[in-house]
Amino acid sequence: MDIAASLREQGQKTPNRPAIIFRDQIITFSQMISMVNRLANNLNERGIKKGDNVAVYLPSCPEYIISYFAIFSLGAVIVPLDPNLTSGEVVGVLKHAEAPLIITKSLKDSSFLKLKEEVPNLKDIIVHVDSEEVEGFTSFKGVLAKSRDEIPAVKIEDNDVAVIFYTSGTTGKPKGVMLTYKNLENACKTMKEVGVQKYFGDMQICALPLSHIGGMIYLQMAAEYGISTLLMQRFIPIEFLKNVEKYKVNWFHLVPAMFMALLQLKEFEKYDLTSVSGVDIFGAPSPPSLIQRFGKY
């Protein structure tokens, strides 16, 4: 499954459809593809090639999504990092993954110069800030402003590694779990089997971290089926319901604890959720009572 190629096909079919809605700001499919191409070309100019690991350490935001697709466009391997990791934990993962480049936010307990000193294999840093330069490093905004909008000429194979997710490390050091493009194909195939057109409609809401495979699946759905993605930086139950009503969301997937948090809101029943035609519950066993109760609405 060439995810970047699928995205470009959607851009040709529906260039003006919203691809991302974030804090009421809309990025269309054509706008997002242009950003993806610009970042991919810049990464390539920095020496990133097919098979290289590129780490992304950001909160959920449009730049995270653009990074995913740009890295996929090069046939490179994205290493998504949880935005709650400490700088020390980031250093450990970067060393293990041998990533030569990271796209990152500001570091709370370290500096970019110190990060490069601590990780010998780290050659370059792109920083997500408002300005175009910070501490001598190029910002994400600066990259998009100065790069070429051309489609990278890279052939993606099913057995190419696409992403390395790191485990939480609860019983030891975090371990890298490699997924190929063939592995990633399974989620979209499953969604198709249960009826994408019938249940998923045109609008999905993502309140899961993009550093988790549950969050990444939303990107696959957007690329494969042209579904618009309403992106939340974090899951806030009341804001989630407001967004579902305001944007007439058709589907989403959450873990059981998130569904329980929604149902426990005293305001739950006042929101219009009639646009929702399908939901997925994943990640942990779900009591039948939870599914039955949520299904009533």
Side-chain angles (χ1 to χ4, degrees), residues 20 22-23 27 32 35-148 152 163-169 173-176 209-212 215-216 231 233-234:
I20 307 171
F22 182 71
R23 296 175 177 171
I27 300 174
M32 183 168 74
M35 295 176 187
V36 167
N37 290 343
R38 291 175 187 276
L39 178 57
N41 283 307
N42 187 274
L43 292 175
N44 189 241
E45 290 169 2
R46 291 167 183 265
I48 298 301
K49 59 186 183 303
K50 184 175 180 179
D52 287 343
N53 294 342
V54 179
V56 180
Y57 177 54
L58 294 173
S60 291
C61 59
E63 289 77 10
Y64 212 140
I65 295 176
I66 292 163
S67 296
Y68 259 106
F69 286 122
I71 293 166
F72 288 154
S73 294
L74 294 176
V77 182
I78 185 169
V79 183
L81 304 183
D82 188 315
N84 295 315
L85 293 179
T86 65
S87 294
E89 291 170 326
V90 170
V91 166
V93 172
L94 289 177
K95 286 181 176 179
H96 185 267
E98 297 183 347
L101 187 146
I102 184 171
I103 301 171
T104 181
K105 60 182 179 178
S106 297
L107 304 174
K108 292 181 180 179
D109 50 355
S110 185
S111 69
F112 302 121
L113 290 173
K114 184 179 179 182
L115 184 63
K116 286 194 71 174
E117 291 174 358
E118 293 181 315
V119 185
N121 52 272
L122 185 63
K123 306 301 181 185
D124 216 340
I125 298 175
I126 296 175
V127 185
H128 175 30
V129 292
D130 291 333
S131 60
E132 291 192 8
E133 295 292 335
V134 57
E135 290 188 26
F137 298 97
T138 305
S139 75
F140 199 100
K141 182 178 180 181
V143 164
L144 297 186
K146 300 172 183 177
S147 302
R148 296 174 291 111
V163 59
I164 300 177
F165 287 107
Y166 273 81
T167 62
S168 59
K173 291 184 178 181
K175 300 172 181 64
L210 295 174
S211 55
H212 189 278
M216 191 199 67
L231 180 65
Q233 191 162 91
R234 61 183 61 86

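Reckoned from all heavy atoms, side chains included, excluding hydrogens, waters and symmetry mates.
- A side-chain N or O of Asn42 and one of Arg46 form a donor-acceptor pair less than 3.5 Å apart.
- Interatomic distance, CG of Leu74 versus CG of Leu43, reported as 6.0 Å (0.5 Å rounding).
- Tyr57 meets the ring-ring contact (aromatic ring centres under 6.0 Å, His included) test with no other residue; sequence neighbours excluded.
- The line from SG of Cys61 to CD of Gln233 is 6.5 Å long, rounded to the nearest 0.5 Å.
- Within the 4.5 Å cutoff, no side-chain heavy atoms of Leu210 are placed close to those of Val56.
- In terms of heavy-atom proximity, Lys49 sits nearest to Ala76 at O-CB, 3.8 Å.
- Going from atom OG of Ser111 over to atom CD of Glu118 covers 8.5 Å, rounded to the nearest 0.5 Å.
- Between Tyr64 and Tyr68, the ring planes are parallel. Angles under 30° get that label, and only those over 60° would be called perpendicular.
- A 4.5 Å side-chain heavy-atom check between Asn44 and Pro152 finds every atom pair outside the cut-off.
- Residues Val163 and Pro80 have side chains in contact (heavy-atom distance under 4.5 Å, counting atoms from C-beta outward).
- Scanning all heavy atoms of the two residues, the minimum distance from Val79 to Ala97 falls at CG2-CB, 4.4 Å.
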Practice prompt. Verify side chain to side chain contact (heavy atoms under 4.5 Å, CB included) between Leu39 and Phe69, making sure each step is shown before the conclusion.
Written response: CA-CA 9 Å; Leu39 178 57; Phe69 286 122; over 6 Å; no

Item to complete: Output, in order, the C-alpha distance, side-chain angles, deciding distance and verdict of side chain to side chain contact (heavy atoms under 4.5 Å, CB included) for Leu115 and Val91.
Response: CA-CA 7 Å; Leu115 184 63; Val91 166; 3.7 Å; yes

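- With values rounded to the nearest 0.5 angstrom, Ile71 atom CD1 is found 15.5 Å from Lys50 atom NZ.
- Tested against Ile102, the residues Asn53, Val93, Ile125 include a single side-chain contact (heavy atoms from CB on, under 4.5 Å) partner, Ile125.
- Summarising the geometry, atom CG belonging to Leu58 is positioned 6.5 Å from atom OG1 belonging to Thr104; distances are rounded to the nearest 0.5 Å.
- Legend: residues meeting ring-ring contact (aromatic ring centres under 6.0 Å, His included) with Tyr166, ordered by chain and number and at least two apart, are His96.
- Residues Asp52 and Leu101 are not in side-chain contact: their nearest non-hydrogen atoms beyond the backbone lie 4.5 Å or more apart.
- Ser147 and Arg38 make their closest contact through O-NH1, 2.7 Å (heavy atoms, listed as atom of the first residue, atom of the second, distance).
- The closest side-chain heavy-atom distance from Ile103 to Glu63 is not below 4.5 Å.
- Within 6.0 Å of the CD atom in Glu98, the count of heavy atoms belonging to other residues, nucleotides or ligands does not exceed 12.
- Evaluation of the side-chain contact (heavy atoms from CB on, under 4.5 Å) rule for Pro100 yields Ile48, Lys123 as partners, not counting sequence neighbours.
- For the pair Thr167 and Pro174, the tightest heavy-atom approach, listed with the atom from each and the gap, is O-CB, 3.3 Å.
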Discussion item. Test side chain to side chain contact (heavy atoms under 4.5 Å, CB included) on Val54 and Ile78; report intermediate values, then the result.
Written reply: CA-CA 5 Å; Val54 179; Ile78 185 169; 5.8 Å; no

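- Ile27 is not listed as a side-chain neighbour of Phe22, based on a closest heavy-atom distance of 4.5 Å or more.
- Summarising the local packing, CZ of Arg148 is surrounded by more than 12 heavy atoms from other residues, nucleotides or ligands at distances under 6.0 Å.
- Taken from CG in Leu231 to CZ in Arg23, the straight-line distance is 9.5 Å, to the nearest 0.5 Å.
- What you find for Leu144 and Met35 is that their closest heavy atoms are CD2-O, 3.5 Å.
- A pairwise comparison of heavy atoms in Leu94 and Ala55 identifies CD2-CB, 3.5 Å as the closest pair.
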